[in-house]
Amino acid sequence: MSKYTVERRVHEKDIGLPPLPNAEKGKVIMRFAPNPNGPPTLGSARGIIINGEYCKMYDGKYIIRFDDTDPKTKRPMLEAYDWYLEDIEWLGYEPDEIIYASKRIPLYYDYAKKLIELGKAYACFCKKEEFKKFRDSGVPCPHRDSEVEVNLDVWEKMLEGLYREGEVVLRIKTDMSHKDPAVRDWVAFRIIYTPHPLVGDAYFVYPTLDFESAIEDKLCQTTHILRGKDLRDSELRQRYIYEYLGWKYPITMHWGRVNVVEFGKLSTSLIKKEIESGKYNGWDDPRLPTIRALRRRGITAEAIRKFYLSLGLSESEVNVSLKNLFAENRKIIDPKANRYFFVANPVEIEIEGLPEERTVEIPLNPNSNEKRILKGERFVYVSLDDFERLKGENVRLKDFCNIILDKKAKFVSYELSMAKKGKNIIHWLPKSFTMKCRVIGESVFEGLVEKGVERELGKVVQFERFGFCRIEKIEEEVVAIYTHD
RNA sequence: GCUCCGGUGGUGUAGCCCGGUCAAACAUAGGGGCCUCUCGAGCCCCUGCCCCGGGUUCAAAUCCCGGCCGGAGCACCA
């Protein structure tokens with residue numbers, strides 16, 4: 001496996017991820033911890049890729065942990081668990097372990113009890129708004145000083161279901177005068193009677209993310225936590241637990257907020273709403289920034305990977321354009337994508353004076369010797385755009401002949417030299433060799449395509465002078481998803 | 001309001017910790033040229049940046065202070 005080491009080194013240099021602090025080869029343990037309340041998005045991909053890449057780089061252990069401990073406000077979707085696993089694999093990473101927090105709830109109860117016994121956690125009956133006042137003013141609430149026995153008793157009763165939702169919570173004792181209000185006596189457990197999509201009504205006392213995550217990171221012996229800046233304060237909160245239990249907190253790094261200009265601020269819950277309202281046709285609607293939508297469009301995993309590696313671990317918040325992703329993708333697909341003629345909004349023309357029908361051979365791809373064959377015949381289609389723009393002018397039907405463009409076009413010659421180099425060369429289709437084709441992008445294009453695309457099902461091709469598209473369906477008509485130009 | 005974190009060409013990233021080699025590099029975008037029977041690719045050239053103000057220093061993108069701007073946290077969300 002020494003070859004592997006060499007490859008990695010080259011790889012590392014290539015992508016330029018900085019070395020991880022305190023990382024030892026073979027001893028790194030990292031995790032990506034999503035809540036599966038929808039499929040992974042372009043945003044989730046950053047966590048998947050950065051963590052996954054470092055694990056590869058250091059021969060580390062990669063854990064996927066579903067932080068699914070709120071069946072109500074951030075309700076997980078049953079299908080989304082597998083969607084995550086699928087997309088992670090598609091992006092090129094193999095998890096070494098998969099953890100479902102909702103299946104490990106009793107584990108968290110043990111630590112809760114321990115913390116109560118240590119006097120570091122207490123049952124609090126304050127209403128939300130009441131506690132907010134205490135927190136904002138830095139004053140301890142009346143329950144903070146309850147005896148350990150009382151807290152234990154209330155905790156037991158919570159677990160027995162003797163309280164209503166919202167009546168009582170378990171808080172971690174931190175420091176009510178901590179200068180950052182966000183860390184003051186935070187909630188570790190609350191009561192939720194809504195059944196959980198994965199574990200049903202097995203539990204109704206659920207840990208908050210901060211508690212669950214703190215415990216899990218210890219149990220999994222996570223060495224490095226890499227996540228978005230939005231979870232920065234989690235560290236401050238969780239460190240209290242680590243201190244009380246005598247644990248060592250992992251090394252953390254945080255990246256800034258990513259705003260993809262073309263998508264704006266589309267949260268998973270907002271997308272869900274817009275799918276329900278019918279604005280989008282599903283989670284893989286090509287207009288959406290989900291990984292499955294991008295895949296359907298023909299964006300490669302490699303492009304997404306490079307896109308995020310180029311962002312690195314900067315803590316500044318960024319406004320990036322999809323153009324960068326597309327540029328990466330184009331570099332990858334361009335050498336491989338076969339070329340075809342797609343004529344949008346076809347206009348039929350007749351070439352008057354055509355001396356003979358000719359078979360024209362066109363390279364399938366600029367870098368290959370393989371050819372596709374079109375018949376140069378009297379009746380052909382050109383796109384409405386070209387027709388209107390160039391009507392009356394001398395144009396060349398690419399690889400076929402020169403004509404004066406019109407409904408009744410005049411044949412000029414076959415000579416390439418007659419065409420102005422690089423100018424007025426348009427694509428076309430013989431009337432006898434077409435299939436209907438619909439291209440779905442920002443808008444829908446109806447047109448005709450070469451019959452030869454039949455061999456490209458599932459692949460990304462380039463419709464010359466139009467753009468890259470992924471051939472999704474071939475039935476009576478071809479359905480293609482627009483990738484980018 | 002309180003707390004934390006950022007601010008390098010149009011957009012990102014590197015450099016900042018350990019001041020000089022940075023009159024600042026790379027990518028992308030934009031402009032121009034070459035090549036090509038694609039509005040794609042490739043090749044070449046060009047445009048363009050250290051938020052502001054003080055301070056420390058022989059020397060500051062880099063250290064200190066103060067502003068300004070942006071973002072995040074302050075949920076019984078993750």
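Just so we're on the same page: letters track the sequence lines, and every chain starts at 1. Source: prediction; values computed, not measured.
- Checked against B/U28, B/C76, B/A41, the side chain of A/Asn324 finds its nearest nucleotide in B/U28.
- Relative orientation of the A/Phe466 and A/Tyr482 rings is perpendicular, given thresholds of 30° and 60° on the angle between their planes.
- Atom CZ in A/Arg164 sits about 18 Å away from atom P in B/C76, given to the nearest Å.
- Applying the Watson-Crick and G-U wobble criteria (two distances, each under 3.5 Å), B/C63 pairs with B/G55.
- Rounded to whole angstrom, the span from the CD1 atom of A/Ile191 across to the P atom of B/C77 amounts to 12 Å.
- Base-pair partner of B/G12: B/C26 (Watson-Crick or G-U wobble, both distances under 3.5 Å).
- Ionic pairing of A/Glu216 and A/Arg31 is not present here: no N-O contact between side-chain nitrogen and carboxylate oxygen is shorter than 4.0 angstrom.
- Using atom C1' as the reference point in both B/C58 and B/G19, the two lie 12 Å apart (nearest Å).
- Within the structure, every pair that satisfies the salt bridge (Lys or Arg N to Asp or Glu O under 4.0 Å) test and touches residues 318-331 of chain A, not counting sequence neighbours, is listed here: A/Arg330-A/Asp485.
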Report all interatomic pairs (protein N or O, nucleotide N or O of nucleotides 44-48 of chain B) with separations under 3.5 Å.
none

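- Distance check on atom C1': B/A61 versus B/C49 gives 10 Å, rounded to whole Å.
- The aromatic rings of A/His178 and A/Tyr240 lie perpendicular to each other, with more than 60° between the two planes, well past the 30° mark.
- Where A/Phe466 and A/Arg46 each meet RNA chain B at their nearest nucleotide, the meeting point lying more 5' is that of A/Arg46.
- Listed nucleotides B/U28, B/C76, B/G12 differ in distance to A/Ala327; the shortest reach to its side chain belongs to B/U28.
- Shown here are the side chain to side chain contact (heavy atoms under 4.5 Å, CB included) partners of A/Leu384, two or more places apart in sequence or in another chain: A/Asn345, A/Val347, A/Glu388.
- Against RNA chain B, the stretch residues 202-220 of chain A makes heavy-atom approaches under 4.0 Å through A/Thr208, A/Leu209.
- Residue A/Phe341 is out of contact with every strand shown, counting any heavy-atom pair closer than 4.0 Å.
- B/C2 is paired with B/G73 under the criterion used here, namely a Watson-Crick or G-U wobble arrangement in which both key atom distances are under 3.5 Å.
- For A/Arg237, whose side chain is taken as the heavy atoms from C-beta onward, the closest listed nucleotide among B/C37, B/G73, B/U38 is B/G73.
- Both distances falling under 3.5 Å, in either a Watson-Crick or a G-U wobble arrangement, occur for no nucleotide opposite B/G19.
- Counting to the nearest Å, the C1' atom of B/U38 and the CG atom of A/Leu397 are 14 Å from each other.
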Residues 73-80 of chain A, side-chain donor-acceptor partners within the protein, below 3.5 Å, at least two apart:
unit_1  : atom_1 : unit_2   : atom_2 : d
A/Thr73 : OG1    : A/Asp70  : OD2    : 3.2
A/Arg75 : NE     : A/Pro71  : O      : 2.8
A/Arg75 : NH2    : A/Pro195 : O      : 2.3

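- Close to B/G73, at under 4.0 Å from its OP1 or OP2, lies no side-chain N or O of A/Arg184.
- Taking atom P on both nucleotides, B/G33 is separated from B/G40 by 14 Å, rounded to a whole Å.
- Rounded to whole Å, atom P of B/C37 lies 8 Å from atom NZ of A/Lys398.
- Annotation: side chain to side chain donor-acceptor pair (under 3.5 Å) contacts of A/Arg372 (sequence neighbours excluded): A/Glu450, A/Glu464.
- A cation-pi arrangement, defined by a distance under 6.0 Å to the six-membered ring centre and an angle within 45 degrees of its axis, is absent between A/Arg144 and A/Phe134.
- Distance CZ (A/Phe326) to P (B/A41): 14 Å, rounded to an integer number of Å.
- OP1 and OP2 of B/G40 both lie 4.0 Å or more from every side-chain N or O belonging to A/Lys331.
- Legend: residues meeting side chain to side chain donor-acceptor pair (under 3.5 Å) with A/Ser146, ordered by chain and number and at least two apart, are absent.
- Using atom C1' as the reference point in both B/G7 and B/U13, the two lie 14 Å apart (nearest Å).
- In a base pair of the Watson-Crick type (N1 to N3 plus N6-O4 or O6-N4) or a G-U wobble (N1-O2 and O6-N3), with each distance short of 3.5 Å, B/C34 is matched with B/G42.
- Nucleotide B/C76 holds its C1' atom 14 Å from the CG atom of A/Asp185, rounded to whole Å.
- Note on A/Arg330: a side-chain N or O is less than 4.0 Å away from OP1 or OP2 of B/A41.
- Remark: the separation of the P atoms in B/G6 and B/C46 is 35 Å, to the nearest Å.
- Salt bridge status for A/Lys157 with A/Glu160: absent, with no side-chain N to carboxylate O gap under 4.0 Å.
- Between the C1' atoms of B/U56 and B/C74, the separation comes to 37 Å (whole Å).
- In summary, A/Glu235 and A/Arg239 engage in a salt bridge, as defined by a charged side-chain N under 4.0 Å from a carboxylate O.
- Atom CD in A/Gln462 sits about 18 Å away from atom P in B/U36, given to the nearest Å.
- With B/U38, B/C76, B/U11 as the candidates, the nucleotide lying closest to the side chain of A/Asn319 is B/U11.
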In residues 356-363 of chain A, what donor-acceptor pairs under 3.5 Å come from side-chain atoms, sequence neighbours left out?
unit_1   : atom_1 : unit_2   : atom_2 : d
A/Glu356 : OE2    : A/Arg358 : NE     : 2.8

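- In the set B/U38, B/A78, B/G12, B/A78 carries the atom at the smallest distance from any side-chain atom of A/Asp230.
- Near RNA chain B, meaning a heavy atom under 4.0 Å from it, residues 249-260 of chain A has A/Arg257 in order of number.
- In this structure, the CG atom of A/Leu17 is 19 Å from the P atom of B/G12, given to the nearest Å.
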Distances for protein N or O near nucleotides 3-7 of chain B N or O, under 3.5 Å:
unit_1 : atom_1 : unit_2   : atom_2 : d
B/U3   : O2'    : A/Asp180 : OD2    : 3.1
B/C4   : OP1    : A/Lys179 : NZ     : 3.0
B/C5   : O2'    : A/Lys229 : NZ     : 3.1
B/C5   : O2'    : A/Glu315 : OE1    : 3.0
B/C5   : O2     : A/Lys229 : NZ     : 3.3

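- At most 12 non-hydrogen atoms from other residues, nucleotides or ligands lie less than 6.0 angstrom from NZ of A/Lys391.
- Comparing B/C65 with B/A25, their C1' atoms sit 31 Å apart, to the nearest whole Å.
- Under the 30°/60° scheme for interplanar angles, the aromatic rings of A/Phe189 and A/Trp155 are found to stand perpendicular.
- Between A/Arg232 and A/Glu315, at least one side-chain nitrogen of the basic residue sits less than 4.0 Å from a carboxylate oxygen of the acidic one, meeting the salt-bridge criterion.
- The side chain of A/Val318 approaches B/G12 more closely than any other nucleotide in the set B/G12, B/A78, B/C74.
- Comparing B/C16 with B/C22, their P atoms sit 13 Å apart, to the nearest whole Å.
- The partner of B/G48 cannot be assigned: no Watson-Crick or G-U wobble pair with both contacts below 3.5 Å exists in any strand.
- Base pairing analysis places B/A78 opposite nothing; no Watson-Crick or G-U wobble pair with both distances below 3.5 Å involves it.
- Residues meeting the side chain to side chain donor-acceptor pair (under 3.5 Å) test with A/Ser314, sequence neighbours left out: A/Ser316.
- Annotation: side chain to side chain donor-acceptor pair (under 3.5 Å) contacts of A/Tyr111 (sequence neighbours excluded): none.
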